[in-house]
Structures are given as C-alpha cells and as structure tokens.
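Only one structure is covered here, and it is reproduced in the block below.
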Amino acid sequence: MGTIQAIRGTRDILPEEVTYWQTVEATARQILNDAAYREIRTPIFEQTELFERGIGEATDVVGKEMYTFADRGDRSITLRPEGTAGVVRSFVERKLFGAGNVQRLWYTGPMFRYERPQAGRQRQFHQIGVEVLGSGDPRADVEVIAIATDIFRALGLQNLRLDLNSVGNSEDRDRYRRVLIDYLTPYKAELDADSQERLDRNPLRILDSKDPRTQEIVADAPSILEYLGDASKAHFDRACQLLTDLDIPYQLNPRLVRGLDYYTHTAFEIISDDLGAQATVCGGGRYDGLVEQLGGPSTPAVGWAIGLERLILLLQQLHDLQTPPLDFYVVSRGTLAESQALGLARGLRHNGFSVELDLSGSAFGKQFKRADRSGAVACLVLGESEAAAETVNLKWLATGEQETIAQVDLRSMASQLRHQLQKHRSDQSPTVKSSASSV
RNA sequence: GCGGGCGUAGCCAAGUGGUUAAGGCAGUGGAUUGUGGUUCCACCAUUCGGGGGUUCGAAUCCCCUCGUUCGCCCCA
C-alpha cells in the first residue's frame with residue numbers, strides 16, 4: 001500500500017469523535033476547578049531514569065513497555081508511560097512543597113506504552129489524572145475517589161463499580177508476603193505457569209491471576225487486610241468509613257494489586273463491565289514513598305488516572321453526541337454576491353452567530369441541498385438581484401418562508417434574529433440532538 | 001512477546017478458481033440554466049490491504065508481510 005498510515009497502536013480522533021473528548025474534558029475541568037485542583041503540564045518525555053526509579057525496575061511497564069530511545073546527545077529518553085512520575089519530578093525539582101502545604105494538581109495528555117493493541121488499549125493513549133501531594137489524611141484518599149465518581153456521574157455513566165484495597169506499607173507487605181508464600185507453596189504445582197514464576201519474585205501478583213485453577217486456590221488465601229499494622233489498618237478503616245458516609249458504594253477486594261511499585265495503603269480501581277477485558281477506567285491509590293524516592297522530602301500523596309479512550313468508549317455506548325447546530329448557511333451566486341456573502345457571514349459571526357458559507361459556486365439548487373444537510377436553521381440567499389439591491393433573502397429551512405432584508409439592517413437585527421432562530425430551532429424536527437453541554 | 005478471527009469503493013456489503021467485481025448509503029452531474037428536504041436518470045473499484053507463488057485462468061488456493069480485531073501477560 002502506497003499511502004502512509006498511522007503508527008500501529010495510534011489513531012486519529014476525527015471531528016465527530018472529538019465532540020466526546022471535549023465533553024469529557026469540559027466536565028472534568030469544571031469538577032476539578034470546583035475542588036481547587038490546579039492543572040499542571042509536564043513534558044511528555046523525560047529521562048528514562050525517572051521512570052525506572054519511580055515506577056520500579058521490576059514492573060512490566062518499565063521492563064517491557066517503555067518507548068525508550070537515545071536522542072542526538074546520546075541521552076536516554078522515554079516517552080512517559082504514565083503521569084505521576086513526571087508530576088512528582090516537577091514537584092521535587094520546582095520545590096512545590098511549601099511547609100504544610102497541600103498541592104492539588106491535575107493533568108491530561110497522551111501516554112505511551114509499547115503493548116499489543118486490543119479493545120481499550122493503544123500504544124498512544126490518553127489519561128486525565130489527579131495528584132494530591134502533602135496530605136496523609138484518609139480524607140485525601142476519599143476526596144480523590146469522590147472526584148472520580150463525580151466525573152463519571154456528571155457524564156451519566158452508571159454501570160461502574162469501585163474496588164478498594166489496602167496494600168499497607170512496606171513492613172505490612174513483607175509480613176503478608178511471607179504468609180502468602182507459605183500458603184501458596186504447597187499448591188505450587190497446581191498454579192499456572194506465570195504464577196509459579198512469580199511465587200518468589202512477586203507473589204502478590206498471583207492474587208489477580210485469571211487462571212481458573214489459580215483463582216480457586218487464591219480464593220481461600222489469607223487476606224492482606226488481616227496483616228496490616230495498626231496504623232495502616234486505622235488509615236484504611238477510616239477511609240472506608242468516610243466513603244460510606246459519602247454514600248459512595250465500594251467493594252473490598254483484597255486481591256486487588258496494582259502493577260506499579262510506588263503504591264502504598266489505599267489502592268482502588270473503578271471498573272466497568274461494558275468494556276471487554278480491559279475493564280478498568282480509573283486506577284489509583286496512595287504513594288507515600290514516591291516523592292522521597294525521587295529525591296524530595298518525605299511527602300505522603302494520593303492520586304488516580306482515568307483512561308480517556310476507555311471512558312469515551314463507554315460514553316459512546318450511552319449517548320449520541322453531535323456537533324453543535326448551525327445558525328445560518330449562506331448561499332450565493334455571482335461575483336458581487338459572493339463577495340458580499342463572505343462579508344455578511346463574517347459580520348454575523350462577529351455578532352455571535354454560527355455561519356457556514358457555501359464555497360462551491362454551484363447552482364442554487366445544489367447549494368440549498370447542502371444547506372439542508374448542514375443542519376442550519378436558516379439560509380441566507382444572495383443572488384445577482386439581491387447583490388445589486390444590497391439586500392439578502394432570509395429563508396427559514398423548516399418552513400420555507402422567506403423574507404427580504406436590507407444588508408445594512410442585518411447587524412441591528414441581531415437580537416431579533418436570535419429570538420427567531422430560537423423559535424424555529426424548537427419547531428424543528430427532533431433529529432437535532434442536544435449539544436454537548438446538556439449531558 | 002504469545003494465541004485465535006478478519007481485511008472487496010468514503011461507509012455497509014454480495015461474490016469461495018472461469019473473467020464486464022452484485023446491491024445499498026454517501027458523493028458528483030442532470031431532469032429543475034435563481035431556491036432544499038420527495039422522485040427519476042446517469043456517473044462513481046482496469047480491481048479485491050501489500051508482495052510473491054500455484055494455475056490456461058485467482059478477490060477466491062498457498063507463502064510472506066502490513067493492518068485490524070478478540071484474548072493472554074499487564075495496565076488506563
């Protein structure tokens with residue numbers, strides 16, 4: 001094939017779909033603003049070492065999924081596979097930690113992981129995420145979860161569930177790890193191959209294996225929640241209580257393990273059953289050690305990321321969003337009329353109307369056909385006789401009524417036109433869908 | 001990285017070895033030389049993702065390759 005195509009695992013978001021993205025972005029921005037989160041924009045590539053140290057050398061993301069290359073100065077560069085490491089790097093480098101200050105940040109943008117594409121998974125994908133840095137209070141965990149659920153609710157998504165777990169601190173995990181190895185070792189021969197490999201290296205991961213026999217074995221395994229230290233347990237219990245107080249339903253999932261090393265204490269996922277195998281739309285948790293790990297002061301933190309492609313997949317199942325309706329379609333014929341039409345369209349736009357100008361130069365019949373399909377409420381007609389008389393014909397497309405207006409009067413009629421448009425729009429057939437903002 | 005399905009026009013598609021590659025939607029032109037949504041007519045793939053092979057003959061069979069899709073691993 002001679003034509004150049006988009007790189008595997010990437011795709012174009014075409015105008016029709018962009019409406020969904022804009023809806024999501026506007027909704028999230030509003031909710032985050034109202035909660036005093038401020039946007040941060042960090043580079044989409046960083047030193048490879050940032051991710052190696054931040055996410056963990058042993059993770060799959062670092063081990064086999066990073067887009068890493070040497071730049072012309074022979075520095076090792078990596079396209080960010082997630083957002084938290086860059087935000088924390090910025091927090092440390094730019095010293096955003098004031099004494100006792102809590103930073104509430106959010107970000108959005110593309111992320112890159114070299115994986116085999118499948119439903120809800122691409123090599124370039126987009127996330128929107130939040131990070132609260134500087135608070136170890138369980139209220140921060142719950143605030144962040146509440147914001148995520150508010151975003152989903154504002155978008156009208158309902159069939160979602162919140163899975164919650166605590167992975168404790170490193171002592172808790174070490175203790176539990178030993179218990180788990182003791183429990184699993186007698187079953188070793190029965191575990192799936194991957195899980196056998198992981199028994200020594202990363203036994204917690206075995207908990208969420210999809211292998212049926214492994215699942216049976218794991219079902220009776222001791223729960224990490226029973227091996228949390230007093231402080232970890234108090235933190236988690238408080239977080240659960242606060243969620244209950246806010247009427248945010250959740251289910252404890254002691255087998256929920258997250259794949260990035262930095263997580264501590266609260267871990268959660270928001271999951272949809274309408275997405276196929278890649279069902280997590282939002283994942284996050286606490287990461288109390290990461291800031292220090294990356295050279296900053298010891299700073300507790302909690303955050304999440306929403307996968308926008310997955311979210312939009314769900315939205316598309318729910319709503320039929322269409323581009324905002326057009327006010328006027330301008331039809332013209334003849335040199336003088338065409339130049340007047342260009343100016344008229346511009347003048348109307350300056351008055352706040354949306355106006356599409358027909359550029360085809362084809363016969364009026366064809367231009368009207370296009371006017372019809374454009375979804376415009378009204379049509380402005382400028383032929384040679386109108387041009388000579390400096391008038392314009394205003395035609396209401398639903399009824400076919402036409403009136404002649406002097407071009408000079410068009411501007412002063414703006415508020416009158418607005419009312420008429422409103423009226424005709426409500427008369428129009430119900431094929432005109434609500435605009436994005438009404439979701 | 002591993003395993004299965006698929007790949008005919010902008011979109012949905014019929015065709016499963018015999019040659020002009022159905023049909024529908026969209027698009028373009030016309031009936032209607034300045035007035036749309038209906039209708040009617042015409043046009044719209046030297047070619048079946050790409051390359052190679054088998055054959056007198058390939059969209060149809062074989063190989064390679066690219067893409068896509070569903071799953072595994074893992075994650076958003």
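Throughout, a chain's letter reflects where its sequence line sits, starting with A, and its residues are numbered from 1.
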Within the 4.0 Å heavy-atom criterion, would you say [X] contacts the bases, only the backbone, or no part of the nucleic acid?
X	value
A:Gly129	nothing
A:Arg258	sugar-phosphate
A:Gly400	base
A:Glu115	base
A:Gly284	nothing
A:Leu311	nothing
A:Cys282	sugar-phosphate
A:Ala371	nothing

Annotated protein contacts, base or backbone, on nucleotides 24-34 of chain B with a non-hydrogen cut-off under 4.0 Å, one of B, S, - each: --SSSSB---B
Nucleic acid contacts - residues 205-216 of chain A versus RNA chain B, non-hydrogen atoms under 4.0 Å: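 Going residue by residue through residues 205-216 of chain A, the ones with a heavy atom under 4.0 Å of RNA chain B turn out to be A:Arg205, A:Lys210.
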Rounding to the closest angstrom, what is the interatomic distance between [N] and [M] at atom [atom1]?
N	M	atom1	answer
B:G15	B:A22	C1'	8 Å
B:U60	B:G52	P	14 Å
B:U8	B:G50	C1'	14 Å

Pair A:Arg89-A:Thr42, side-chain donor/acceptor within less than 3.5 Å: no
Length of the CD-P vector between A:Glu197 and B:G1, whole Å: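 Nearest whole value for this atom pair: 19 Å.
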Base-pairing assignment for B:G3 (Watson-Crick or G-U wobble, both under 3.5 Å): B:C70
